[in-house]
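First up is the structure itself, then whatever we jot down about it.
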Amino acid sequence: MVRSWDASVERAQERLAGGRLLRAVGEGEVRRFACWDLASLAEGELAEHVDPEALDPSAELQWRERLGEGGREWPGGELYRRRYWVLDPQAPGGAPAGTVAVDNWTRGPGQLAVSSLYLRPSARGRGLAAAALDEVYRAATTEGLPGYRLEAHWTWRHAVRYYLRRGLWVVSWKRAIGLSRMPQLPPYRVREEGGRLVLAVADGPHGWVPLLAAGREGRWLRLDETAAYRQAGGWVRGYARPTLALHLALAGLPLVRGPQWWAEAERWADIGEPEGLAHQIEHFERSARGAGRRSAAAPALQDPALPATALPPPALPAAAVPAPAGRRVGAAGGRLGDSEDG
C-alpha cells in the first residue's frame, strides 16, 4: 500500500497554523516576510544586522544585489511552502518575533522540511526558536510523519552549532549540512573526555551508552567503535558517524585517518565517513570564497596533499566543544538567527 504523505503534511500545516506560537503569513504580509528573510541572509552571509521593518524597496534591492544569487526572493509563495510568524508572547497582541517556513511536501523519509528560521535580535535568548522547532516536530509526529529536516550552510557556523546543541542528527552534507530530528533517533550527547569526543545515546535504564570515540592520533584522526555501536542498526548506525564527524570539525579535530582514507573521500561526498565531510568542507569553503561570502576557514594547509581539516591546531579549544544535547543552550544566527538561549 502506498501511503500518501500529502494529506499528512496538510494536516500538520493546519496544526501549526492553529497553535499559539505560530501564525500563518497573510496575503498582505508577503513582502514583510521577504524582508525578514532578507535580514536573516544579511546576518548569515555578511555578518551585518538589518532591521527588516526598516527596509524600503530601495534598501531591499541594494541588499539583494549585495547578496547576489543567494539574495533572490523565494519564488512560488504558498505553492512551495507555508510561511509563519513566530509570535512573541511578551509583546502586545502577539507581535512577530521571527519567522519559520515549512514545505508543502516532504523530504527524505517523509519528513517536514523546515527553512527560514530567524529571530530578531531583541527576541533572542528566550527559547522561541527552540519552541518553534518543537512545534514543528509535534505537528509532524502527531500526523504520522517522521519528524523534520533542515539545512544549514557550513559557513554559518553559529547556526550549525545551534542545531547540534538542539540534538539534531547529521543526515547529509551534499549541498549543505543536512540535519534532522526524528522519532527513530534517540537523544544523544557529545562530550570531551581526555582530548577526545565521545558520542553516546540515551538507552532507557542503561543511561547514556557510548557508541563512538574520536580524537587525534599524531596528525590523524583516530575513530574507535564500541560493541554497542557494532550492534546498533538502522538510523542510529547510519547517522552516528556523520554526527560525530561534524562535532569533530567544529572542535578543530582531524577528520582524516590517513592518506589512503583521503584518497577515497569523494565516495562519502553525500554522507558517511568523516573523510567525506572533510572533502565537502573544502568545497564549501571554496564556494564561499568564490562568492565573496564571509567564511570561518579551517586551519591553513600545511601539506598540499591533505585537506585543512586533517591538520588540527595543537590543542582542543574547550569553548568549541558542543554542550550535551537537551540542555537549554544554543546560539544561532543567519538563516536561523537566534541567541545563546535559542
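Residue numbers start at 1 and run along the sequence shown.
Under the 4.5 Å side-chain criterion, counting only non-hydrogen atoms from C-beta, Val9 is in contact with Leu145. Put simply, the side chain of Leu248 reaches to within 4.5 Å of the side chain of Leu197, judged on heavy atoms. In this structure, the side chains of Tyr148 and Leu133 come closer than 4.5 Å at one or more pairs of heavy atoms. Leu87 places none of its side-chain heavy atoms less than 4.5 Å from the side chain of Arg20. Residues Arg126 and Arg124 fail the side-chain proximity criterion, which asks for heavy atoms closer than 4.5 Å. Side-chain atoms of Trp208 and Leu199, non-hydrogen and from C-beta on, never get closer than 4.5 Å to each other.
Nearest heavy atoms, Ala123 versus Leu128: O-CD1, 3.8 Å. Residue Ala278 comes nearest to Trp262 through the heavy atom pair CB-CZ3, 3.7 Å, listed as atom of the first residue, atom of the second, then distance. For the residue pair Gly252 and Arg216, the shortest heavy atom distance occurs at O-NH2, 4.5 Å. Pairing each heavy atom of Leu244 with each of Leu212, the nearest pair is CD2-CB, 3.6 Å. Residues Pro242 and Ile271 share a closest heavy-atom pair of CB-CD1, 3.4 Å. Gly147 and Pro183 get closest at one heavy-atom pair: N-CD, 3.9 Å.
Between Glu151 atom CD and Ile177 atom CD1 the span is 9.0 Å, to the nearest 0.5 Å. Arg11 contributes atom CZ, which lies 13.0 Å from atom CG of Leu16 (distance to the nearest 0.5 angstrom). Atom CG of residue Leu38 and atom CZ of residue Arg66 lie 10.5 Å apart, to the nearest 0.5 angstrom. Ser287 OG to Glu282 CD: the interatomic distance, rounded to the nearest 0.5 Å, is 11.0 Å. One finds the OH atom of Tyr163 at 8.0 Å from the CG atom of Leu179 (value rounded to the nearest 0.5 Å). The CZ atom of Arg120 sits 13.5 Å away from atom OG of Ser40, with the distance rounded to the nearest 0.5 Å.
For Arg237 (side chain) and Tyr229 (main-chain N/O), a donor-acceptor pair under 3.5 Å exists by modelled atom type. With Ser172 contributing its side chain and Asp270 its backbone, the two residues share no donor-acceptor pair below 3.5 Å. Under a 3.5 Å cut-off, the side chain of Glu29 and the backbone N or O of Gly26 do form a donor-acceptor pair. In this structure, Asp56 contributes its side chain and Ala59 its backbone to a donor-acceptor pair below 3.5 Å. With Glu48 contributing its side chain and Ala42 its backbone, the two residues share no donor-acceptor pair below 3.5 Å. The main-chain N or O of Val170 is found under 3.5 Å from a side-chain atom of Thr243 such that the two form a donor-acceptor pair. Looking only at distances, no side-chain donor or acceptor of Ser180 sits under 3.5 Å from a matching main-chain atom of Arg149. Proximity of a side-chain donor or acceptor of Glu192 to a complementary backbone N or O of Gly195 within less than 3.5 Å is detected. A side-chain donor-acceptor contact under 3.5 Å links Gln13 to the backbone of Val102. Under a 3.5 Å cut-off, the side chain of Ser116 and the backbone N or O of Val100 do not form any donor-acceptor pair.
A single hydrophobic cluster is seen to contain both Leu21 and Val136, as judged by linkage of ILVMFWY side chains at heavy-atom distances under 4.5 Å, directly or through other members. Clustering ILVMFWY residues whenever any of their side-chain heavy atoms sit less than 4.5 angstrom apart, transitively, puts Val50 in the very cluster that holds Leu46. No chain of hydrophobic side-chain contacts below 4.5 Å, direct or via other Ile, Leu, Val, Met, Phe, Trp or Tyr residues, connects Trp169 to Trp268. Phe284 and Leu250 fall within the same hydrophobic cluster, where Ile, Leu, Val, Met, Phe, Trp and Tyr residues are linked whenever their side-chain heavy atoms come under 4.5 Å apart, directly or through other members. There is no path of hydrophobic side-chain contacts, each under 4.5 Å, that joins Val209 to Leu185.
Screening residues 8-65 for ring-ring contact (aromatic ring centres under 6.0 Å, His included) gives Phe33-Trp85, Trp36-Trp85 as the qualifying pairs, with residues at least two apart or on separate chains.
Salt bridge Glu143/Arg138: absent, no basic N to carboxylate O contact under 4.0 Å. Salt bridge status for Asp134 with Arg166: present, with a side-chain N to carboxylate O gap under 4.0 Å. A salt bridge is absent between Lys174 and Glu266; no separation between the charged side-chain nitrogens and carboxylate oxygens falls under 4.0 Å. For Asp103 and Arg82, the salt-bridge test fails: no basic side-chain N is under 4.0 Å from an acidic carboxylate O. The pair Glu60-Arg31 meets the salt-bridge criterion, with a side-chain N (NZ, NE, NH1 or NH2) lying under 4.0 Å from an Asp/Glu carboxylate O. A salt bridge links Glu275 with Arg257; the closest basic N to acidic carboxylate O contact falls under 4.0 Å. A salt bridge links Arg196 and Asp224; the closest N-O separation between the charged side-chain nitrogens and carboxylate oxygens is under 4.0 Å. A salt bridge does not link Glu135 to Arg15: none of the charged side-chain nitrogens sits closer than 4.0 Å to a carboxylate oxygen.
Annotation: cation-pi pair Arg181/Tyr137 present, NZ/CZ under 6.0 Å from the ring centroid and within 45° of its normal. Seen from the ring of Trp154, Arg157 counts as a face-on cation partner, given the 6.0 Å and 45° thresholds. Figure legend: Arg23 and Tyr84 shown without cation-pi pairing, the cationic atom not lying both under 6.0 angstrom from the six-membered ring centre and within 45 degrees of its axis.
Aromatic ring orientation, Tyr80 versus Trp105: perpendicular (interplanar angle above 60°, classes split at 30° and 60°). In this pair, Tyr239 and Trp235 present their aromatic rings parallel. The plane angle is below 30°, not in the 30 to 60° band.
At most 12 heavy atoms of other shown residues, nucleotides or ligands fall within 6.0 angstrom of atom CD in Glu27.
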Discussion item. Could you walk me through whether Asp37 and Arg81 satisfy the salt bridge (charged side-chain N to carboxylate O under 4.0 Å, His left out) test, starting with their C-alpha distance in whole Å, then the side-chain angles of each, then the deciding distance to 0.1 Å, before giving a yes or no?
Written reply: CA-CA 14 Å; Asp37 221 16; Arg81 62 178 188 165; 3.4 Å; yes
Worksheet item: Going through the checks in order, is the side-chain contact (heavy atoms from CB on, under 4.5 Å) test met by Leu164 and Leu246?
Response: CA-CA 9 Å; Leu164 288 183; Leu246 185 56; 3.9 Å; yes
Item to complete: Please step through side-chain contact (heavy atoms from CB on, under 4.5 Å) for the pair Glu43 and Trp156, ending with a clear verdict.
Response: CA-CA 9 Å; Glu43 184 175 340; Trp156 297 7; over 6 Å; no
Item to complete: Apply the test side-chain contact (heavy atoms from CB on, under 4.5 Å) to residues Leu211 and Val201: give CA-CA distance (whole Å), side-chain angles for both, the deciding distance (0.1 Å), then the verdict.
Response: CA-CA 7 Å; Leu211 297 184; Val201 294; 3.6 Å; yes
Practice prompt. Using the side-chain contact (heavy atoms from CB on, under 4.5 Å) rule, take Arg175 and His153 through it: C-alpha gap first, then chi angles, then the decisive distance, then the call.
Written response: CA-CA 8 Å; Arg175 298 181 182 85; His153 296 291; over 6 Å; no
Item to complete: Kindly determine whether Glu53 and Arg32 satisfy salt bridge (charged side-chain N to carboxylate O under 4.0 Å, His left out), including the steps that lead there.
Response: CA-CA 7 Å; Glu53 299 290 79; Arg32 186 185 184 192; 2.8 Å; yes
